[in-house]
> 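Structure below; questions to follow.
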Amino acid sequence: MLLNDHNEDQHHLMAHSIALKADCESCFGLCCISLPFSASIDFGMDKNAGQACPSLREDFRCGVHRTLRQTGFRGCTVYDCFGAGQKVSQITYRGVSWREAPDTAKQMYEVFPVMWQLHELLWYLAEAQRLQSNGSPLRRSLLSAFEETERLTYMAPNDVLSIDIPKHRADVNVLLLQVSEQVREHALRRCKTPPKHPKKAGRGADLMGAKLRGADLRAANLRGAYLIAADLRDADLRAADLIGADLRDTDIRGADLSQTLFLTQAQMNAAKGDARTKLPAALATPSHWLAASE
């Protein structure tokens, strides 16, 4: 499928793209309270859901933001709420924080994870629309799904909590999978030499620690694959589907991900890359990649 170059549609998608990026200045520190984590390589302590991180300041900012990796909170640096934090803070609760209205705190902490999932789906749906030509039937279905998902994000707190998230995710995933299959099939037809995917490569594959340096993974289906600490240096991942793939400590130095499908900033923040790693235009090179190569 070709990217839609219609100016009005591009402006519409760009506006949504901005809204689907975290704006911590407009959030009540919800990810620092609502989400649980356990002491591990990613977190230096245990924290229960609904319990405020001790580093959360009165102004809802992180007190150790500049030293998260050095102080044992690497997990925070790879997290992305896709703009759900500011939506809950400024829209759902109209700018009134849990500190100002303590009676809303528990509900707000429960609404945030649901909103996070809805915003994640909006991000994927927006990406999928960019991969479809203007006027295609599938693009219209994607737009309809986007509008319905967006409508859910503006509902009252109790209504948000009543959403059947697993069902909604499953419905959206049907469309995302159709886009993936179309784009990957189109990419394969354009390959002068058919890629030779490793035998273990595939949807949900366990490739933890796999030695895949220089692998030709063009148009591979790696949805939900476990690529933790895998060696993908100099690999070609153009048109590969990496939605939901775990890229923690995946070595992608020199790899080509310039046209990888459904790649998120959080996945890149979790991986190990360098200045030679080719990323989609919508993603930024993580600062710790460059610092590590200095």
Side-chain angles (χ1 to χ4, degrees), residues 1-6 9-10 13 120-121 123-143 145-146 169-228 230-247 250-265 267-268 271 273 276-283:
M1 293 295 122
L2 299 176
L3 298 181
N4 175 29
D5 60 359
H6 191 280
D9 281 353
Q10 287 291 355
L13 287 173
E120 181 186 33
L121 290 176
W123 191 91
Y124 284 131
L125 285 166
E127 287 299 298
Q129 288 179 66
R130 289 190 180 94
L131 296 167
Q132 289 293 300
S133 58
N134 190 33
S136 72
L138 185 50
R139 192 177 193 283
R140 289 194 291 271
S141 296
L142 289 165
L143 178 59
F146 186 100
R169 290 189 71 96
D171 292 342
V172 169
N173 190 57
V174 170
L175 294 174
L176 299 180
L177 183 57
Q178 289 180 35
V179 172
S180 172
E181 291 174 343
Q182 284 190 5
V183 173
R184 288 186 293 109
E185 181 181 350
H186 180 71
L188 287 173
R189 288 201 302 267
R190 296 181 63 183
C191 290
K192 294 181 179 179
T193 304
K196 296 180 180 180
H197 298 158
K199 292 181 179 180
K200 291 184 177 180
R203 185 172 184 174
D206 183 351
L207 295 168
M208 291 191 288
K211 306 301 182 183
L212 296 170
R213 183 170 187 174
D216 187 349
L217 291 164
R218 288 174 296 166
N221 182 357
L222 293 170
R223 295 167 65 91
Y226 296 95
L227 289 160
I228 301 170
D231 184 357
L232 285 170
R233 286 175 292 172
D234 304 312
D236 190 342
L237 289 145
R238 287 175 295 172
D241 186 347
L242 284 176
I243 191 169
D246 194 332
L247 299 179
T250 306
D251 194 341
I252 53 173
R253 287 176 291 173
D256 189 346
L257 297 96
S258 59
Q259 298 173 37
T260 302
L261 308 183
F262 303 123
L263 196 64
T264 68
Q265 189 66 54
Q267 286 174 305
M268 291 299 87
R276 298 179 302 116
T277 306
K278 297 179 181 179
L279 299 180
L283 301 185

> Please report the interatomic distance CD1(Ile243) to CG(Leu222), rounded to the nearest 0.5 Å.
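Nearest 0.5 Å value for the CD1-CG distance: 12.5 Å.
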> May I have the step-by-step check of side-chain contact (heavy atoms from CB on, under 4.5 Å) for Tyr124 and Thr264, ending in yes or no?
CA-CA 9 Å; Tyr124 284 131; Thr264 68; 3.7 Å; yes
> Starting from the C-alpha separation in whole Å, work towards a yes-or-no answer on side-chain contact (heavy atoms from CB on, under 4.5 Å) for Arg238 and Ser258.
CA-CA 6 Å; Arg238 287 175 295 172; Ser258 59; 3.9 Å; yes
> First locate atom CD of Gln132, then atom CD of Gln182, and finally report the distance between them rounded to the nearest 0.5 Å.
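Reported to 0.5 Å precision, the distance equals 5.0 Å.
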> Quick one: closest heavy-atom pair of Ala240 and Thr260, and the distance?
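Distance-wise, the nearest heavy atoms are O-CG2, 3.3 Å.
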> Could you check whether any side-chain heavy atom of Met268 comes within less than 4.5 Å of a side-chain heavy atom of Ile252, counting everything from C-beta outward?
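Touching, per the 4.5 Å side-chain cut-off.
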> Determine whether Lys196 and Asp216 make a side-chain contact, defined as any pair of heavy atoms from C-beta on separated by less than 4.5 Å.
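A side-chain contact is absent here, since even the closest heavy-atom pair is not under 4.5 Å.
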> Determine whether a donor-acceptor pair (N or O, by modelled atom type, separation under 3.5 Å) exists between the side chain of Ser136 and the backbone of Arg139.
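Checked: pair present.
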> Is the OH atom of Tyr226 crowded by more than 12 outside heavy atoms at less than 6.0 Å?
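Not more than 12 within 6.0 Å, no.
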> Taking only residues two or more places apart in sequence or in another chain, which ones pass side-chain contact (heavy atoms from CB on, under 4.5 Å) with Glu181?
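Scan of Glu181 (side-chain contact (heavy atoms from CB on, under 4.5 Å), adjacent residues dropped) gives Leu177, Arg184.
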> Side chain of Gln267, backbone of Leu242: donor and acceptor closer than 3.5 Å?
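Judged by distance alone, yes, a pair lies under 3.5 Å.
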> Where do Ser180 and Phe262 come nearest, in terms of heavy atoms and distance?
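Smallest heavy-atom distance, with atoms named: CB-CE1, 4.4 Å.
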> Nearest 0.5 Å, please: how far is CZ in Arg190 from NZ in Lys192?
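Atom-to-atom, Lys192:NZ and Arg190:CZ are 10.5 Å apart.
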> Using every non-hydrogen atom in the two residues, find where Ala225 and Gly202 come nearest and quote the distance to one decimal.
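The answer is CB-O, 4.2 Å.
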> Go through it in stages, so that I can follow the logic: the residues are Leu237 and Leu263, the test is side-chain contact (heavy atoms from CB on, under 4.5 Å), and I'd like the CA-CA distance, side-chain angles, deciding distance and then a yes or no.
CA-CA 11 Å; Leu237 289 145; Leu263 196 64; over 6 Å; no
> Kindly compute the distance separating CD (Gln129) from CG (Leu138), expressed to the nearest 0.5 Å.
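CG of Leu138 is found 10.0 Å from CD of Gln129.
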> Does a side-chain heavy-atom distance below 4.5 Å link Leu176 with Leu125?
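Heavy-atom side-chain distance check passes, below 4.5 Å.
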> Does the side chain of Leu212 come within less than 4.5 Å of Pro198's, by heavy atoms?
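Counting from C-beta outward, Pro198 and Leu212 do come under 4.5 Å.
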> Do Leu261 and Glu127 have side chains that approach each other closer than 4.5 Å (heavy atoms only, starting at C-beta)?
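No, too far: nothing below the 4.5 Å cut-off.
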> Determine whether Leu283 and Leu257 make a side-chain contact, defined as any pair of heavy atoms from C-beta on separated by less than 4.5 Å.
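With C-beta onward as the side chain, the pair stays apart.
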> Evaluate the side-chain proximity of Pro195 to Leu188: yes if any heavy-atom separation is below 4.5 Å, no if none is.
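Yes - at least one pair of side-chain heavy atoms lies under 4.5 Å apart.
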> So does Arg218 pair up with Asp256, basic N to acidic O under 4.0 Å?
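Not counted as a salt bridge, because no side-chain N and carboxylate O are separated by less than 4.0 Å.
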> Under a 4.0 Å N-O cut-off, is there an ion pair linking Asp241 with Arg223?
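Looking at Arg223 together with Asp241, the answer is yes, because their closest N to O distance falls below 4.0 Å.
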> Taking all non-hydrogen atoms of both residues into account, name the closest pair between Leu207 and Ala230 and its distance.
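Between these two residues, the closest heavy atoms are O-CB, 3.5 Å.
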> Determine, step by step, whether Lys200 and Asp206 satisfy the salt bridge (charged side-chain N to carboxylate O under 4.0 Å, His left out) criterion, reporting the C-alpha distance in whole Å, the side-chain angles of both residues, the deciding distance to 0.1 Å, and the verdict.
CA-CA 8 Å; Lys200 291 184 177 180; Asp206 183 351; over 6 Å; no
> Working to the nearest 0.5 Å, report the span between CG of Leu227 and CG of Asp251.
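Rounded to the nearest 0.5 Å, the CG-CG separation comes to 12.0 Å.
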> Find the distance between CZ (Arg253) and CG (Asp234) and round it off to the nearest 0.5 Å.
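Answer for the CZ-CG pair, Arg253 versus Asp234, is 9.0 Å.
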